[in-house]
Student: 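Questions regarding the structure given below will be posed in turn.
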Amino acid sequence: MRGRADIEDIEVELFVRAMQLRHGYDFGDYAPASLKRRVLGLVHSTGSAHIGDLTARVLRDDRLVPDVVAGLSVPVSEMFRDPSVFRALRDEVLPMLASYPVINIWQAGCAYGQEVYSLAILLEEAGLYERAQIYATDFSDAALARAQEGIFPARDARTYSENYLAAGGRRSLADYYHARYDFMKFDERLKARMTFANHNLVCDGVFCEAHLILCRNVLIYFNDALQDRVLRLFRDSLVRGGFLCLGSRENLEMAASARDYVPVNRRARIYRRAVRDL
């Protein structure tokens with residue numbers, strides 16, 4: 001007789017299949033433990049009796065799908081998260097990008113947008129923002145909507161400011177936002193070179209030709225096969241010698257696609273697309 005855990009595992013598989021067949025979202029290659037935790041969280045937040053009940057509801061109620069997709073995403077971030085990484089981007093990558101007349105940057109899995117605005121500030125202070133285009137993508141429309149607003153809780157202002165200064169900030173972070181009530185709203189001018197769009201790393205193709213791709217702490221939620229697919233997607237999206245920045249918990253050098261990249265700063269998880277035909 002199957003135990004309760006086995007039944008839940010079967011229910012997760014059926015839920016994943018239902019989301020793919022009915023709505024076109026494929027979560028089949030997500031890390032099983034992480035996916036199961038998030039599905040069980042959705043069961044609780046949607047008031048469903050069990051995973052099978054949630055599956056039946058998403059099959060019949062399209063209005064529930066945006067909340068389900070948002071619940072399965074992992075929108076966790078902060079301004080200048082891991083300041084040493086942004087310092088490395090400022091000191092080691094942006095000077096290299098300065099040689100291009102136009103700079104395309106893809107922030108994949110942008111969540112609520114804190115790192116997108118951090119990147120815009122880096123480019124502004126390097127004098128590169130006016131010739132840059134930042135493409136911020138996520139598969140959650142709810143996360144994209146919040147990112148496009150550029151509004152964050154004021155309670156985080158101190159942490160964000162500390163991160164900014166540790167990342168080599170040259171001004172005061174407060175110069176870039178307006179505080180009102182319990183929120184801070186980043187200046188509209190920082191959005192001038194931003195494009196927000198829905199893109200699913202699991203099943204969508206090349207999004208743009210990029211000089212720099214940032215995808216930080218997203219691959220940790222994928223299994224090895226999906227990680228390799230995404231790394232090949234990034235390779236095909238980068239210009240010759242373009243840069244890739246991953247998260248602190250991700251190690252490209254253990255992946256099957258490692259030969260496609262050369263390390264620039266291992267500690268900051270910054271790599272460059274290998275160029276073998278020069």
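Bear in mind the structure is a predicted one, so any value in this text is a computation, not a measurement.
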Student: With distance as the sole test, does R273 use its side chain to make a donor-acceptor pair with the main-chain N or O of L238 at under 3.5 Å?
Tutor: yes
Student: Of all heavy-atom pairs between R189 and Y129, which one has the smallest distance, and what is that distance?
Tutor: O-CE2, 3.5 Å
Student: Would you say K185's side chain and F152's backbone share a donor-acceptor pair under 3.5 angstrom?
Tutor: no
Student: Within the distance-only criterion (no hydrogens, no angle test), does the side chain of Q133 pair as donor or acceptor with the backbone N or O of N104 below 3.5 angstrom?
Tutor: no
Student: Please check: side-chain N/O of N163 versus main-chain N/O of M79, any donor-acceptor pairing under 3.5 Å?
Tutor: yes
Student: Please report the interatomic distance CD1(I220) to CD(Q227), rounded to the nearest 0.5 Å.
Tutor: 9.0 Å
Student: Which distance, rounded to the nearest 0.5 Å, do you find between the CG of L231 and the CG of L244?
Tutor: 7.0 Å
Student: Any side-chain heavy atom of L40 within less than 4.5 Å of one from E8?
Tutor: yes
Student: Given 3.5 Å as the limit, does a donor-acceptor pair link the side chain of R22 with the main chain of L59, or not?
Tutor: yes
Student: Could you label the plane-to-plane angle of the F196 and Y117 rings as parallel, tilted or perpendicular, counting under 30° as parallel and over 60° as perpendicular?
Tutor: tilted
Student: Of all heavy-atom pairs between L233 and V206, which one has the smallest distance, and what is that distance?
Tutor: CD1-N, 3.3 Å
Student: Does N265 use its side chain to pair, donor to acceptor, with the backbone of A268 at less than 3.5 Å?
Tutor: yes
Student: If we check side chain to side chain contact (heavy atoms under 4.5 Å, CB included) with Y112, which of these qualifies: Q148, E78, R146?
Tutor: R146
Student: Restricting to salt bridge (charged side-chain N to carboxylate O under 4.0 Å, His left out), what partner residues turn up for E125, sequence neighbours left out?
Tutor: R90
Student: Would D260 and S257 satisfy side chain to side chain contact (heavy atoms under 4.5 Å, CB included), going step by step from the backbone distance to the final call?
Tutor: CA-CA 6 Å; D260 295 324; S257 298; 3.8 Å; yes
Student: So, do F27 and Q20 sit near enough that their side-chain heavy atoms are less than 4.5 Å apart?
Tutor: no
Student: Can you tell me how far the CD1 atom of I105 sits from the CG atom of L119, to the nearest 0.5 Å?
Tutor: 4.5 Å
Student: Can you name the salt bridge (charged side-chain N to carboxylate O under 4.0 Å, His left out) partners of D228, sequence neighbours left out?
Tutor: R232
Student: Where do F139 and N198 come nearest, in terms of heavy atoms and distance?
Tutor: O-ND2, 3.2 Å
Student: Does one hydrophobic cluster hold both F186 and I151, with members joined at side-chain heavy-atom distances below 4.5 Å?
Tutor: no
Student: Over all heavy atoms of both residues, which pair between A108 and V218 is shortest? Give the atoms and the distance, please.
Tutor: O-CG2, 4.3 Å
Student: Looking at A154, is its backbone amide N or carbonyl O close enough to the side chain of D182 to form a donor-acceptor pair, meaning the two atoms are under 3.5 Å apart?
Tutor: no
Student: Applying side chain to side chain contact (heavy atoms under 4.5 Å, CB included) to I270 and Y261, what does each step give before you reach the verdict?
Tutor: CA-CA 10 Å; I270 297 174; Y261 300 89; over 6 Å; no
Student: If only atom types and distance count, is the side chain of K191 paired as donor or acceptor with the main-chain N or O of E149 below 3.5 Å?
Tutor: yes
Student: Going by an N to O cut-off under 4.0 Å, is there a salt bridge joining R269 and E250?
Tutor: no
Student: Could you give me the CA-CA distance, side-chain angles and deciding distance for S48 and R57, then say whether side chain to side chain donor-acceptor pair (under 3.5 Å) is met?
Tutor: CA-CA 9 Å; S48 302; R57 293 177 65 187; 3.1 Å; yes
Student: What is the distance from atom CD of E11 to atom CG of D6, rounded to the nearest 0.5 Å?
Tutor: 11.5 Å
Student: Run L173 and F80 through side chain to side chain contact (heavy atoms under 4.5 Å, CB included) and show every step you take.
Tutor: CA-CA 11 Å; L173 186 63; F80 297 94; 4.2 Å; yes
Student: Does H211 have any ring pair (Phe, Tyr, Trp, His ring centres under 6.0 Å) partners at least two apart in sequence or in another chain, and if so, which?
Tutor: Y100
Student: With R171 as the cation and Y176 as the aromatic partner, state whether NZ or CZ is under 6.0 Å from the six-membered ring centre and within 45° of the axis.
Tutor: yes
Student: Return yes if some donor-acceptor pair links the side-chain N/O of D82 with the main-chain N/O of V85 below 3.5 Å, else return no.
Tutor: no
Student: Mind checking what makes side chain to side chain donor-acceptor pair (under 3.5 Å) contact with D91, not counting sequence neighbours?
Tutor: R87
Student: Could you walk me through whether D187 and H178 pass the side chain to side chain donor-acceptor pair (under 3.5 Å) test, one step at a time?
Tutor: CA-CA 7 Å; D187 291 345; H178 303 281; 2.9 Å; yes
Student: Quick check for you: to the nearest 0.5 Å, what is the distance between S118 atom OG and R81 atom CZ?
Tutor: 10.0 Å
Student: I want to check something: taking the side chain as every heavy atom from C-beta on, are D67 and T46 in contact at a cut-off of under 4.5 Å?
Tutor: no
Student: I need the full list of ring-ring contact (aromatic ring centres under 6.0 Å, His included) pairs touching residues 39-67, with sequence neighbours left out, sorted by first then second residue.
Tutor: none
Student: Taking a hydrophobic cluster as the set of Ile, Leu, Val, Met, Phe, Trp and Tyr residues connected by side-chain heavy atoms closer than 4.5 Å, whether directly or through intermediates, do Y164 and F183 fall within one such cluster?
Tutor: no
Student: Give a yes or no on this: more than 12 heavy atoms of other residues, nucleotides or ligands lie within 6.0 Å of atom CD of E209.
Tutor: no
Student: L214 and L246: side chain to side chain contact (heavy atoms under 4.5 Å, CB included), yes or no, with the steps?
Tutor: CA-CA 6 Å; L214 295 95; L246 299 177; over 6 Å; no
Student: Kindly give the heavy-atom pair with the smallest separation between T55 and V58, and that separation in Å.
Tutor: O-CG2, 3.1 Å
Student: Any side-chain to backbone donor/acceptor pair from Y135 onto F207? Under 3.5 Å, distance only.
Tutor: no
Student: Could I get the full list of ring pair (Phe, Tyr, Trp, His ring centres under 6.0 Å) partners for Y271, not counting sequence neighbours?
Tutor: none
Student: Distance from I103 atom CD1 to L97 atom CG, nearest 0.5 Å?
Tutor: 5.5 Å
Student: Does CZ in R131 sit with more than 12 non-hydrogen atoms of other residues, nucleotides or ligands closer than 6.0 Å?
Tutor: yes
Student: Are any of the side-chain nitrogens in E130 or R193 under 4.0 Å away from the carboxylate oxygens of its partner?
Tutor: no
Student: Would you say L226 and N223 make side-chain contact, with heavy atoms under 4.5 Å?
Tutor: yes
Student: What are the two closest non-hydrogen atoms of R229 and L201, and how far apart are they?
Tutor: NH1-O, 2.8 Å
Student: Any ion pair linking R158 and E162 (charged N to carboxylate O, less than 4.0 Å)?
Tutor: yes
Student: Could you go step by step and tell me if S237 and W106 meet the side chain to side chain donor-acceptor pair (under 3.5 Å) rule?
Tutor: CA-CA 9 Å; S237 302; W106 179 14; over 6 Å; no
